[in-house]
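Per chain, numbering begins at 1; letters A, B, ... match sequence-line order.
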Amino acid sequence: MADDPVRGTVRVRMAPSPTGPIHIGNVHTAMFNWLFARQRGGVFILRFEDTDRARSEARWEDVIYSELQWLGMDWDEAPDRGGPHGPYRQTERLDTYRQWARRLLDVGAAYECYCTVEELESERQAAQQEGRAYQYTRKCRDLTPEQRERRRAEGRVPAIRFAIPNDHVVIVDDMVRGRIEYPTSAIGDPIIVRPNGMPLYNFAVVVDDLTMHVTHVLRGEGHISNTPLQVLIYEALGEPTPSFGHFGHVTCGSGAKFSKRHGEGYIGFYREMGILPEAMFNYLALLAWTPGDDREILTREEILAEFDINRVTAAPSQFDLQKLLWINGHHIRRLPHAELVTRCLPYLQKAGLVAADPDEAAMGLVKGVVALERPRIETLEQITGATEYFFRDEIGYTPKAEKLLFGPGVIDGLREVRRRLAALPEWSIVALERAGQQLLDDTGLQAKAAYQPIRAAVTGRVASPPLFDTLFWIGRDRAISRLDLVVSGRELPKAAGAGPR
RNA sequence: GGCGCCAUGGUCAAGUGGUUAAGACUCCGCCCUUUCAAGGCGGCAACACGGGUUCGAGUCCCGUUGGCGCUACCA
């Protein structure tokens, strides 16, 4: 179903203000818009609401493009690629707003208001002192042409106000929350165009959405209260009203609602820590939506095939890093191994563990150790901490490892281990396993008692992948020199980070 | 203050008048196991409150409370 039965092709949009790094919540609604469009063969539009010139910057537009790209979402019409209904930046559409404002004036649905900011402010304060809710008095609504002329002569430049119809209830059939009723008595006549010609948000969105033929306005719940006014403007203009749907907000961190600053609400924060885009996509899809059964780990394709706006919940939701990490772990484990290696490599290089242009041997080691850690890591970045002892000559020892190495009889045991490892005819996992078994047979020790000290001595920690794989990839020379150090009784270097292992 | 939206465990959530109120994350325990993970099994933990409607209410209605939003010459 490529087309909406009554309106033709589905057209949706994301309309952010480029005033800071895009918030997770906006990415979430962008994603639902994208899913809705792609599922129906529709069009996904990107438009920037940059009328707040002081705070809008081009670099934030780039951030938005790259975050969408990272998540695998594409767009059809936008400033960067044009489209039939552009331009796609509000500051480049001023003429259009002027034309539509003229039309509102002509049909008598809007009027010029000559009140000054100071006058309005004092009215507002008066209302506040009397304890009544302020609403514009509408005193410019019925100005005669002569009165308007007189004010102009005083040098006043008018703003344009929209005339809200009296005693009328606007009904919106919201796609995610059903019928919403809103009395017009709660809305004062709003200014829609400033004296300097700059349109205000609620007017500009309507003009943009109608001239871009947007069929479904899917956005955050913060816009619910704006919707009745917007519907009134569509009606006054005699233009068809799009369908509306309002998603609950996604909040991040402890209560802080709109922290657009760096940190938890910024999606790049998660990318940098090694969250896979497919995991982020998966997690975000599960916020306010479920496939209708118990599945939690889903691919982008599965989500695209099964997303259903009728199953989207209206309640707000809290972003939970723990669950994202769990989902990320699953996606890491389901990645083809070569692909996982490719994605881990930059993290290892950034940590200085692997050269910028690793040779074949280095890549062999990377592949080997990534395979060992694959079931253990939850983020790509964790690969560095988890595998550094495979790459460095010098390692640090955690308190737990140190304590274990000081246990009774441990040093003597390790001397014997060192001797056997040095004598091994072949350094392979099979040979190491055989030697390990031999050690148990000869000493009568339990595996745990025999192996943990070895692990601690060669890795500096008490937890690692299976011992013989670990030894194999550490290599004979490093393993032996680490054993020598431990056996020597010299003080062991401390592990840098307070890593638990 | 006025108006609007929202309300199931700590978190994400299933549920569309009749269920012992699913499932997942987190946490705890057990199994597996050379350690740590992964995996398997099990456990703790919820319908915000008060009234209705109904034979019967987490589900419908009203009110209260709480959270959020709008109430701008912000978006």
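- Comparing R311(A) and P375(A) by the nucleotide of RNA chain B that holds the closest heavy atom to each, the one mapping nearer the 5' end is R311(A).
- In this structure, of rU34(B), rU11(B), rA72(B), it is rA72(B) that holds the atom nearest to the side chain of Y134(A).
- A straight line from CG of L321(A) to C1' of rU11(B) spans 12 Å, rounded to a whole angstrom.
- Applying the 4.0 Å criterion to OP1 and OP2 of rG69(B), one finds that R219(A) has every side-chain N and O outside that range.
- Partners of E378(A) according to the side chain to side chain donor-acceptor pair (under 3.5 Å) rule, which considers only residues two or more places apart in sequence or in another chain, do not exist here.
- With 3.5 Å as the limit, one finds no donor-acceptor pair spanning the side chains of E373(A) and T387(A).
- A search for ring-ring contact (aromatic ring centres under 6.0 Å, His included) contacts involving Y283(A) returns F319(A), not counting sequence neighbours.
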**Fill in**
Counting primed atoms, P, OP1 and OP2 as sugar-phosphate and everything else as base, the B/S/- map of nucleotides 4-9 of chain B against protein heavy atoms under 4.0 Å is SSSS--
With a 3.5 Å cut-off and sequence neighbours excluded, list the donor-acceptor pairs that the side chains of residues 168-180 of chain A form with protein atoms.
residue, atom, partner, partner atom, Å
D174(A), OD1, V176(A), N, 2.8
D174(A), OD1, R177(A), N, 3.0
D174(A), OD1, H246(A), N, 3.3
D174(A), OD2, H246(A), N, 3.3
D174(A), OD2, H246(A), ND1, 2.6
R177(A), NE, H246(A), O, 3.1
R177(A), NH2, H246(A), O, 2.8
R177(A), NH2, A314(A), O, 3.1
R179(A), NE, E181(A), OE2, 3.0
R179(A), NH2, E181(A), OE2, 3.4

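- Nucleic acid contact for I191(A): base, since at least one base atom lies under 4.0 Å from a heavy atom of the residue.
- Counting atom types as modelled, R461(A) pairs no side-chain N or O with a base atom of rU35(B) as donor and acceptor under 3.5 Å.
- Scanning for side chain to side chain donor-acceptor pair (under 3.5 Å) contacts around D52(A) gives R55(A), with sequence neighbours left out.
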**Message:** Dot-bracket, 5' to 3', for RNA chain B please: Watson-Crick or G-U pairs under 3.5 Å, [ ] where pairs cross earlier ones, | where the partner sits on another strand, dots elsewhere.
**Reply:** ((((((((.[[[..)..(....]]].(((((.......)))))....[[[[[..)....]]]]])))))))....
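- If you check the side chains of T290(A) and R295(A), you find no donor sitting under 3.5 Å from an acceptor.
- Residue A288(A) places its side chain closer to rA13(B) than to any other of rA13(B), rU34(B), rA38(B).
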**Request:** Determine, step by step, whether W100(A) and F203(A) satisfy the side-chain contact (heavy atoms from CB on, under 4.5 Å) criterion, reporting the C-alpha distance in whole Å, the side-chain angles of both residues, the deciding distance to 0.1 Å, and the verdict.
**Result:** CA-CA 9 Å; W100(A) 288 89; F203(A) 175 61; 4.1 Å; yes
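- rA22(B) and rU64(B) have their C1' atoms separated by 31 Å, with the value rounded to a whole Å.
- Of the residues in residues 199-212 of chain A, L200(A), Y201(A), N202(A) come within less than 4.0 Å of RNA chain B through at least one heavy atom, sorted by number.
- Closest to the side chain of F468(A), from the set rC73(B), rU34(B), rA38(B), is rU34(B).
- Checked by atom type, the side-chain pair R219(A)/T29(A) shows no donor-acceptor distance below 3.5 Å.
- Which of rA13(B), rU35(B), rC73(B) sits closest to the side chain of L120(A) comes down to rC73(B).
- With P as the reference atom, rC68(B) and rC27(B) are 28 Å apart, rounded to whole Å.
- Remark: R300(A) is positioned above the aromatic ring of F281(A), its terminal NZ or CZ atom under 6.0 angstrom from the ring centre and at most 45 degrees off the axis.
- RNA chain B is contacted by both P195(A) and P466(A); P466(A) maps to the nucleotide lying nearer its 5′ end (nearest heavy atom per residue).
- The CG-P distance, from N26(A) to rA75(B), rounds to 16 Å in whole Å.
- Remark: the Q90(A) side chain and the D50(A) side chain contain no N/O donor-acceptor pair separated by less than 3.5 Å.
- Judged as a salt bridge (Lys or Arg N to Asp or Glu O under 4.0 Å), and not counting sequence neighbours, D441(A) has no contacts.
- Every residue two or more places apart in sequence or in another chain was checked for a side chain to side chain donor-acceptor pair (under 3.5 Å) with N196(A), and none qualifies.
- Dashed line: the shortest gap from a side-chain N or O of R295(A) to OP1 or OP2 of rC12(B) is not under 4.0 Å.
- Considering only residues two or more places apart in sequence or on other chains, F32(A) meets the ring-ring contact (aromatic ring centres under 6.0 Å, His included) condition with H28(A), F247(A), F307(A).
- For W473(A), the ring-ring contact (aromatic ring centres under 6.0 Å, His included) test picks out no residue, with sequence neighbours left out.
- The side chain of N226(A) sits closest to rC70(B) out of rU34(B), rC73(B), rC70(B).
- Here the side chain of Q318(A) is nearest to one of rU34(B), rG15(B), rU11(B), namely rU11(B).
- Residue G222(A) is in sugar-phosphate contact alone, with no base atom involved, counting any heavy-atom pair closer than 4.0 Å across all strands shown.
- If you check the side chains of Y389(A) and R461(A), you find no donor sitting under 3.5 Å from an acceptor.
- Atom C1' of nucleotide rA13(B) and atom CZ of F319(A) are separated by 16 Å, given to the nearest angstrom.
- Among the atoms of the strands shown, none is found under 4.0 Å from any heavy atom of R374(A).
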**Item:** Sugar-phosphate or base contact per nucleotide [nucleotides 21-29 of chain B; S, B, -; heavy atom under 4.0 Å]
**Value:** -BBBSS---
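- For T313(A), taking side-chain heavy atoms from C-beta onward, the closest of the listed nucleotides rA13(B), rA75(B), rA37(B) is rA13(B).
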